[in-house]
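Here's the structure, in structure tokens; my notes come after.
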Amino acid sequence: MLGAGHEVLEEVVAIGALLKAVESQQPDVVILDIDSPSRDTLEQLALMHEHAPRPVVMFSADGNEQLIRAAVGAGVTAYVVDGLSPARLAPIIQVALARFEHQSHIRRRLDEVQQQLLDRKLIDRAKGLLMEKRGMAEADAYAALRQQAMKNGTKLVDVARQIIAMADLLG
């Protein structure tokens, strides 16, 4: 069935079945039409957002600010009060898709930066171990890490992990 130029997949009546339905049907957008989202609904949306993230458009009759914030916190991309109108559906879906894509980009970038920070901490710890155990200056310890990484064809952080693991093993 087509709606507003989109293919409409099987309707999910039980909110507990939402995650499974999203995982199996893999929709581009999840659209919910609910009078007022319950705590169970928000929990299911949070699970879906964690395990099978998709843009979520929620149409609701409830404009309570705390409820809207809770819905957005559970992964709702667009919360629309004032009813579901076919004429408004296409632009709302486009906004939800764009917002979801932007949030996904920010989330990926944050993950990358967090990983870089963790890598940097491991490298600094390995440098500290070399400085302490071998009496090296910081620049020399870093150079030794780099040289070992190049020699083995591995990443600097992997050499750092090996040094830390050996130091932990040897005490």
Side-chain angles (χ1 to χ4, degrees), residues 1-126 128 154-165 168:
M1 175 201 268
L2 293 178
H6 300 278
E7 181 180 356
V8 178
L9 300 176
E10 181 181 321
E11 183 177 338
V12 176
V13 178
I15 195 66
L18 182 62
L19 176 59
K20 186 175 181 178
V22 167
E23 288 176 333
S24 66
Q25 297 180 36
Q26 298 187 4
D28 293 330
V29 179
V30 174
I31 300 173
L32 301 171
D33 187 11
I34 298 177
D35 285 333
S36 181
S38 67
R39 184 178 55 89
D40 289 343
T41 300
L42 297 176
E43 286 174 2
Q44 288 299 313
L45 288 171
L47 274 173
M48 185 193 81
H49 186 65
E50 182 179 338
H51 297 287
R54 298 284 186 283
V56 176
V57 177
M58 181 179 285
F59 290 91
S60 176
D62 196 336
N64 177 292
E65 183 179 345
Q66 288 179 328
L67 188 57
I68 293 170
R69 289 181 182 278
V72 169
V76 172
T77 315
Y79 189 102
V80 182
V81 180
D82 197 18
L84 173 59
S85 160
R88 295 174 49 211
L89 189 58
I92 290 170
I93 288 173
Q94 292 306 314
V95 167
L97 286 167
R99 179 172 287 151
F100 181 79
E101 184 179 311
H102 179 71
Q103 288 172 342
S104 294
H105 173 73
I106 290 172
R107 211 172 12 259
R108 281 190 306 273
R109 184 66 186 125
L110 177 61
D111 290 346
E112 289 170 6
V113 169
Q114 286 175 330
Q115 187 60 54
Q116 289 171 352
L117 180 60
L118 289 173
D119 291 353
R120 184 82 243 153
K121 286 181 179 181
L122 287 173
I123 292 167
D124 285 345
R125 184 170 170 209
T154 60
K155 293 182 178 181
L156 190 63
V157 70
D158 293 334
V159 172
R161 280 190 190 100
Q162 291 170 350
I163 289 173
I164 293 167
D168 289 345

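Counting heavy atoms from C-beta on, the side chains of Pro55 and Asp28 never come closer than 4.5 Å. By the 4.5 Å heavy-atom criterion applied to side chains, Leu117 and Val113 are not counted as neighbours.
Contacts of Glu43 classified as salt bridge (Lys or Arg N to Asp or Glu O under 4.0 Å), with partners at least two apart in sequence or in another chain: Arg39. Among residues two or more places apart in sequence or in another chain, the salt bridge (Lys or Arg N to Asp or Glu O under 4.0 Å) test is passed with Asp40 by none. In this structure, the salt bridge (Lys or Arg N to Asp or Glu O under 4.0 Å) partners of Arg161, at least two apart in sequence or on a different chain, are Asp119, Asp158. Applying the side-chain hydrogen bond (donor to acceptor under 3.5 Å, both in side chains) criterion to Ser60, with sequence neighbours excluded, gives Tyr79. Scored by the side chain to side chain contact (heavy atoms under 4.5 Å, CB included) test, Asp168 finds Arg125, Ile164 as partners (sequence neighbours excluded). For the side chain to side chain contact (heavy atoms under 4.5 Å, CB included) test, residues two or more places apart in sequence or in another chain that qualify with Leu118 are Gln115. For the side-chain hydrogen bond (donor to acceptor under 3.5 Å, both in side chains) test, residues two or more places apart in sequence or in another chain that qualify with Ser36 are Asp62. Under the side-chain hydrogen bond (donor to acceptor under 3.5 Å, both in side chains) criterion, Thr154 pairs with no residue at all, not counting sequence neighbours.
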Please list, one pair per line, the donor and acceptor atoms closer than 3.5 Å that link side chains of residues 65-76 to other protein atoms, with sequence neighbours excluded.
unit_1, atom_1, unit_2, atom_2, d
Glu65, OE2, Arg69, NE, 3.3
Glu65, OE2, Arg69, NH2, 3.3

Taking distance alone, no hydrogens or angles, what donor-acceptor pairs closer than 3.5 Å link side-chain atoms of residues 12-21 to residues at least two apart or in another chain?
none

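Atom CG of Asp111 has more than 12 neighbouring heavy atoms from other residues, nucleotides or ligands inside a 6.0 Å radius.
Sequence neighbours left out, the pairs with a member in residues 85-109 that pass salt bridge (charged side-chain N to carboxylate O under 4.0 Å, His left out) are Arg109-Glu112.
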- Kindly determine whether Val29 and Thr77 satisfy side chain to side chain contact (heavy atoms under 4.5 Å, CB included), including the steps that lead there. CA-CA 10 Å; Val29 179; Thr77 315; over 6 Å; no
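Put simply, CD on Gln25 and CZ on Arg54 are 10.5 Å apart, with the number rounded to the nearest 0.5 Å. Atom-to-atom distance recorded for Leu32:CG and Phe59:CZ is 10.0 Å, nearest 0.5 angstrom. Once rounded to the nearest 0.5 Å, the distance linking CG of Leu156 with CG of Leu122 reads 10.5 Å.
Exactly one of Leu45, Asp33, Val30 qualifies for a side chain to side chain contact (heavy atoms under 4.5 Å, CB included) with Met58. That residue is Leu45.
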